Amino acid sequence: MSAQKPSIPRGTRDFGPQQVARRNYIFGTIRRVFEKFGYAPLETPTMENLSVLTGKYGEEGDQLLFKILNSGDFAKDVTAEDLAAGAKKVLPKVAEKGLRYDLTVPFARYVVMNRNLLTLPFKRYQIQPVWRADRPQRGRYREFVQCDADVVGTTSLLCEAEIVLMIDEVLSTLGLTDFTIKINHRGVLSGIYQALGGVGSEPDLFVAIDKLDKIGVEGVSNELRQRGFTDEAIEKVFNYLEVDGSFEEKLTQLRTAFGADGVLADATAGPAKGLTDLEQVQGYLQDFGFENFQRLDFDVTLARGLSYYTGCIFEVKVNNVQMGSISGGGRYDNLTGAFGMPGLSGVGFSFGVDRIYDVLEELQLFPEGAVSAPLCLIANFDQEGRATVLPLLRQMRNAGLAAELYPEVSKLKKQFEYADKRGIRYMLLAGPDERAAGLVKLRDMRAGTEVTLPSGEVISRLLELSAEQR
RNA sequence: GUAGGUAUAGCUCAGCUGGUUAGAGCGUCGGAUUGUGAUUCCGAAGGUCGUGGGUUCGAGCCCCAUUACUUACCCCA
């Protein structure tokens, strides 16, 4: 048997002890905030039936689904004609399950299946990995964890305001200060489209203006022109995109412009609803005493693709770091419609932990403590010492101290190197000399200092030292 | 799916217009130091140069194919 080079699928990663500790630090921060705001945890299976997943993410999304080959003789129902007809015909016969692509669709499925048990409004959070058969690149993985929080069964804009508060709190707690929470409303975008008087297609418009910060005015103009928008329409689009000033000022300018273009006829829907919604969210935030309005940016160009959002939409960008959005979300009015339960409104958002990790690493914002190592290593001098050292080790653990004995008798140099590399702060030396005197030596590896003390006092001393570290 | 780039030791990379036995740093292991690490010194192990073919007297280097990785686009967290 020839030795093969081991590998993992591209776009996936191993996480070593330090990385796991750091990821847990991020998960913990997010979880605590979600729970403080009243969200309850939910977990769903890694795999879903393909019928649940397909058609929910558009044609491109379907291609990015990982499908799971049926067990047993998966090819037994495939005919020669199927093969000739291509993958589309063969797929449903060989695969009936797939890996979850996001957490929102499984959540919708869960809500529909449990509609009789749920008390509305239902607030849930979910922290689980998702899989996409994408081409990996910077900040883009094929297996990554999403942290979603959604409320369904209420149209209250209080939820939107609280989302802003949660995003701000999580990112601030993680040490980030320079980030922008972008907010917009699908109604506002629709208003811009309606103001054009029926030129081009609405999705084309949204996709194009979403790229403004990336490809600039020129790029967006070209793209719109290619998509059949007239120069006149394009000019009008940019008039809207150039609204400027504070949150209130932008709202006022848009209201005036929309009024002039006659798209505010229905005061309870579309553009008018968009403006009043945003106004109200801002009002709630003021009532909450939200301090960081400088981080909240009403961005008319924010569109978030072609997804199912119908109301407010959010996206968070860390400034001065080359990284896509680390959080995003919005309100949807018909999430569960595809599963036969129409008219259920909800709003939710998601943190991309893997991207947050990359950002924190780049900005060196991980705290020192986010490493897991035992507090103390007991040196192993000889077999005879075990009668002294093993009871001591047991007592340390019973006292709640993380400790270990170097598993084999070997040169002290090696044991010291081991402690050093693992980041173990204290080393306990109980060799023949110390044992004869009923003493132990405790070495602080960081300071390089040693103290000798009666073996009966070690545990209380270590407890003091570990308390100091917090 | 589209377009580039890269592939040499466990890791990060040198390797001249094609020329004899492919190098360094870090890491690993051993020793200086049989009871003291992170700084010193000495030594050792470790590579069929991603894979297959071609050109050539001769290929790590040139050509073709292939695979993997990577960056950007599309899309997205």
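Just so you know, these numbers come straight off a predicted model, no measurement behind them. Every chain is numbered from 1, with letters handed out A, B, ... down the list of sequences. Scope of the values below: all heavy atoms of this structure, side chains included, with no hydrogens, waters or symmetry mates.
When heavy atoms are screened at a 4.0 angstrom cut-off, A/Y141 is found touching base atoms of the nucleic acid. When heavy atoms are screened at a 4.0 angstrom cut-off, A/R138 is found touching the sugar-phosphate backbone but no base atom. The residue A/D433 sits close to a base: some heavy atom pair falls under 4.0 Å. Counting non-hydrogen atoms under 4.0 angstrom, A/G61 reaches nothing in the nucleic acid. Note on A/E315: nothing from the nucleic acid sits closer than 4.0 angstrom, heavy atoms only. Residue contacts shown for A/L429 include a base, since a base heavy atom lies under 4.0 Å away. Using a 4.0 Å heavy-atom cutoff across all strands shown, A/S350 reaches no nucleic acid atom at all.
With B/G35, B/C73, B/A38 as the choices, the nucleotide that has an atom nearest any side-chain atom of A/E417 turns out to be B/A38. Side-chain atoms of A/R355 lie closest to B/C76 of the nucleotides B/A38, B/G35, B/C76. Side-chain atoms of A/D420 lie closest to B/A38 of the nucleotides B/A77, B/A38, B/G35. Checking B/A77, B/G35, B/C75 against the side-chain heavy atoms of A/L412 singles out B/G35 as nearest. Listed candidates were B/A77, B/U28, B/G37. Nearest to the side chain of A/S325 is B/A77. Residue A/R443 has its side chain nearest to B/G37 when only B/G37, B/U28, B/U71 are considered. Of the listed nucleotides (B/C74, B/A77, B/G1), B/G1 has the atom at the smallest distance from the side chain of A/R135. Out of B/C75, B/U28, B/A77, the shortest distance to the side chain of A/K211 is found at B/C75.
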List the atom pairs, donor and acceptor, that lie under 3.5 Å between side-chain atoms in residues 358-367 of chain A and the rest of the protein, sequence neighbours left out.
unit_1 : atom_1 : unit_2 : atom_2 : d
A/D358 : OD2    : A/Y141 : OH     : 2.7
A/E362 : OE1    : A/R138 : NH2    : 2.9

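In the interface, the side chain of A/R304 is not paired with the base of B/C76 through any donor and acceptor atom under 3.5 Å apart. A/E450 contributes no side-chain N or O that forms a donor-acceptor pair with the base of B/G35 under 3.5 Å. One cannot find a donor-acceptor pair under 3.5 Å joining the base of B/U36 and the side-chain atoms of A/K414.
Positionally, the nearest nucleotide of RNA chain B for A/K441 lies more toward the 5' end than for the other of A/K441 and A/G328.
One finds no side-chain N or O of A/K411 lying less than 4.0 angstrom from the OP1 or OP2 phosphate oxygen of B/G37. Checking the phosphate oxygens (OP1, OP2) of B/A32, no side-chain nitrogen or oxygen of A/K413 falls inside 4.0 Å. At B/U71, none of the side-chain N or O atoms of A/Q137 fall inside 4.0 Å of OP1 or OP2 (strictly under the cut-off).
Here A/D210 does not pair with A/R304 in a salt bridge; the nearest charged N to carboxylate O distance is not below 4.0 Å. The pair A/R186-A/D277 fails the salt-bridge criterion, with no side-chain N (NZ, NE, NH1 or NH2) lying under 4.0 Å from an Asp/Glu carboxylate O. Between A/R100 and A/E48 there is no salt bridge, since none of the side-chain N atoms of the basic residue sits less than 4.0 Å from a carboxylate O of the acidic one.
Between A/D148 atom CG and A/F351 atom CZ the span is 10.5 Å, to the nearest 0.5 Å.
By the stacking rule of 5.5 Å between ring centres and under 30° between planes, A/F144 stacks on the base of B/A77.
Within the 3.5 Å criterion, the main-chain N or O of A/T180 finds no donor-acceptor partner in the side chain of A/D297.
Atom P of nucleotide B/G35 and atom OH of A/Y418 are separated by 21 Å, given to the nearest angstrom.
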